[in-house]
Amino acid sequence: MATFQTLPGFREFYPDDLARRNHVFRRWRQTAHTFGFSEYDAPVLEPLELYKAKSGDEIEGQLFSFTDKGGREVALRPEMTPTVCRLVGARANALKRPIKWFSIAEFYRYERMQKGRGRCFFQFNADIFGEPGPEAEIELIALLVQCLCAFGLTEQDFYVRLSDRNLWFYFLEALGFDDTRSRAILNAIDKYEKMGDDAFGAYAAAFGPLDPELKARILALLNVKSLPALEAVVASAGGDKLSARLQDWRRVLEALEAMGLARFVAVDLGVVRGLAYYTGFVFEAFDRKGELRALAGGGRYDDLVQKLGGPALPAVGFAIGDMTFSLLLEQRGLMPAFVEAPDVYCVIGGPAERLAAFGDIHALRAAGFRVDYPLKELAFGKQFKAAAESGAKLALIYGGDEVAKGVVKIRDLTQRTEVEVPRAQVAASVRDFFSGGGH
RNA sequence: GCGGUCAUAGCUCAGUUGGUUAGAGCACAAGAUUGUGGAUCUUGGGGUCGCGGGUUCGAGUCCCGUUGGCCGCCCCA
């Protein structure tokens, strides 16, 4: 047993683990690029003040924070949003619009370990800046859905719950609640799913019991599960703000319908998301079985760039965490077994054949194929076993007979078929195999 | 921060009312095996029984503490 343990909540990635992690990151990155998002990165260590400014002083208890040797109060980043707001804010006037950015980065939070949650984790973050209308939400929800579908997940596996803090505020305003009371109500709504009626206890303690009729109307909105239901409940409250807001809802849902993504999206006003900096649409992705914590979450935060010292700049963003997401992929059998397999494994007869093979091995590698071979002399039987276990699609066989004839035997390890090709044509044959739908 | 539960090989686990030198399967390595597939057989390496203290002639086993894992609460940007 090793003398030193990893710090609690931290993870080590042995090659198999890292292969899976890289597989996930690679798909996320590809997907973001297909949507026209640009990748950025930023420091892991930031001034503590950046997070206090965004979330308040209480946040410090949940950060890895300390004083550095220069006396600066610093913290390991617990999220990307403040950082990306600073980056975009600093160059807001110079950046070509729309600003569509993403990152894949590690974050740190000083919290208790739980299933799907550790003290360090990775997130895929995507944000759109400078777009005040629901077009940004449309683009981001579509990206979120595709980031999950890219792994083979379907509407059977997950869905996105869409809600709207603005709609809630307008609705509560129409019911006669002031801003302070509205925020207390939203807190109750956030907890309602878990706590039921007790969720309104904090409100009652602060402002007195909630009028039963008002409560009934709040619960009516909370239980809305479709656009027609939303329209009906909202119509009962009336008001221009609300009807304008419904227009945004229709645009979002129509667009997602047109993309063929409506089956992934559920209207659900029960989602309001905890911390209060969201200013409009909010959304969260969950597994359909409801066994795991949230897969992803996001929403609009139009005031945050300015609050952090930048210009007024509307923004929408979301993040997918790697831990819960990987759990879901494993549960559904969607994590590939051979994410790090070589393309080609060479079977080599002896020292002389090894020298012959080396020329092809290096040429194939230089051409971009992943090629492996046994580092020391092994019996043929073991080499074929090693080739099969490696996950390679092809074996190149350099035996005494082949080398003497100036050929290489190419074995398709999946089909269990073999062909002999002249040495000079090995690279071309391998290329044909892999470009011809051979994998 | 609170509560429950657990800790024996890289992994999954046995280990009797406390009793010699702590075991198995898988994995890993070598051989059987000098030309064709995840097999089989043989052999091997690998453990301060999480750590520290206590009880005892004797502790993997009982007691206390501690560290860590898992599950839940709080929180979840």
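Quick caveat, the model's predicted, so the values are computed rather than measured. Just so we're on the same page: letters track the sequence lines, and every chain starts at 1.
Base pairing in RNA chain B gives the following stems of 3 or more Watson-Crick or G-U pairs, range against range and under 3.5 Å: B:1-7 with B:67-73, B:10-13 with B:23-26, B:28-32 with B:40-44, B:50-54 with B:62-66.
Regarding A/L292, its CG atom lies at a distance of 14 Å from the C1' atom of B/C71, rounded to whole Å. When the C1' atom of B/C76 is taken as reference, atom CZ of A/R119 falls 14 Å away, rounded to whole Å. Rounded to a whole Å, the CD atom of A/E418 is 11 Å from the C1' atom of B/G37. Atom CG in A/D16 sits roughly 14 Å away from atom C1' in B/C28 (whole-Å rounding). Distance CZ (A/F318) to C1' (B/C76): 18 Å, rounded to an integer number of Å. Computed from coordinates, the A/E284 CD to B/C76 P distance equals 11 Å when rounded to whole Å. Whole-Å rounding puts the A/E291 CD to B/C71 P distance at 13 Å. Atom-to-atom, CE of A/M113 to P of B/A7 comes out at 18 Å; the value is rounded to the nearest Å.
Checking B/C73, B/A77, B/G35 against the side-chain heavy atoms of A/R112 singles out B/C73 as nearest. The side chain of A/K194 sits closest to B/C74 out of B/G37, B/C74, B/U33. Closest to the A/Y277 side chain, of the nucleotides B/C75, B/G38, B/A77, is B/A77. Listed candidates were B/G35, B/G38, B/C74. Nearest to the side chain of A/E389 is B/G38. Nearest nucleotide to the side chain of A/K54, out of B/A77, B/U34, B/C74: B/A77. Taking the side chain of A/K382 as heavy atoms from C-beta on, and the options B/G31, B/C73, B/A77, the nearest nucleotide is B/G31. Closest approach to the A/E402 side chain among B/C70, B/C76, B/G35 is made by B/G35 (side chain taken as heavy atoms from C-beta onward). The side chain of A/L63 sits closest to B/A77 out of B/A77, B/G37, B/C74. With B/C75, B/A77, B/C2 as the choices, the nucleotide that has an atom nearest any side-chain atom of A/K191 turns out to be B/C75. For A/F384, counting side-chain heavy atoms from C-beta on, the closest listed nucleotide (B/A77, B/C75, B/G37) is B/G37.
If you find the closest nucleotide of RNA chain B to A/K376 and to A/R416, the one lying nearer the 5' end belongs to A/K376. Between A/Q62 and A/A379, it is A/A379 whose nearest contact on RNA chain B lies nearer the 5' terminus.
The aromatic rings of A/F318 and A/F124 are tilted relative to each other, their planes meeting at an angle between 30° and 60°. By the 30° and 60° cut-offs, the orientation of the rings of A/W28 relative to A/F325 is tilted. In this structure, A/W101 and A/F129 have perpendicular ring planes: the angle between them is above 60°, well past the 30° mark.
Within 4.0 Å of A/P8, counting heavy atoms only, lie sugar-phosphate atoms of the nucleic acid but no base atom. Residue A/G400 is classed as a base contact, given a heavy-atom separation below 4.0 Å to a base. Residue A/G9 is in sugar-phosphate contact alone, with no base atom involved, counting any heavy-atom pair closer than 4.0 Å across all strands shown. Within 4.0 Å (heavy atoms only), A/Q114 reaches at least one base atom of the nucleic acid. Within the nucleic acid shown, A/G381 has no heavy atom closer than 4.0 Å to any nucleic acid atom.
As rounded to the nearest Å, B/U40 and B/A22 have P atoms that lie 30 Å from one another. Spacing of P atoms, B/C51 relative to B/G68, comes out at 15 Å, to the nearest Å. Taking atom P on both B/G25 and B/U43, the two are 11 Å apart, rounded to the nearest angstrom. One C1' atom belongs to B/A9, the other to B/G15, and the distance between them is 14 Å to the nearest Å. Atom name C1', nucleotides B/C73 and B/C28: the rounded distance is 42 Å, in whole Å. Between the P atoms of B/U48 and B/U8, the separation comes to 12 Å (whole Å). For B/U5 and B/G44, the P atoms lie 42 Å apart once the distance is rounded to whole Å. Distance check on atom C1': B/G23 versus B/C49 gives 12 Å, rounded to whole Å.
Crowding of A/F121 atom CZ: a count of heavy atoms from other residues, nucleotides or ligands under 6.0 Å exceeding 12. By the neighbour-count criterion of 12 heavy atoms within 6.0 Å, atom NE2 of A/H33 is densely surrounded, having more than that number from other residues, nucleotides or ligands.
No side-chain heavy atom of A/Y278 sits under 4.5 Å from any side-chain heavy atom of A/L304. Contact check for A/L230 versus A/W249: side-chain heavy atoms found under the 4.5 Å cut-off.
Judged by atom type and distance alone, A/R411 does not reach the base of B/G35 through any side-chain donor-acceptor pair under 3.5 Å. For A/R109 against B/A77, a side-chain-to-base donor-acceptor contact under 3.5 Å is present. For a distance-only test at 3.5 Å, the side chain of A/R293 qualifies as a donor-acceptor partner of the base of B/C76.
Between the side chains of A/E39 and A/S103, not a single donor N or O lies within less than 3.5 Å of an accepting N or O. Side-chain N/O atoms of A/Y51 and A/E49 include no donor and acceptor closer than 3.5 Å.
At the phosphate of B/A39, OP1 or OP2 sits under 4.0 Å from a side-chain N or O atom of A/K385.
Residues A/Y159 and A/F264 place their aromatic rings such that the two centres sit no closer than 6.0 Å.
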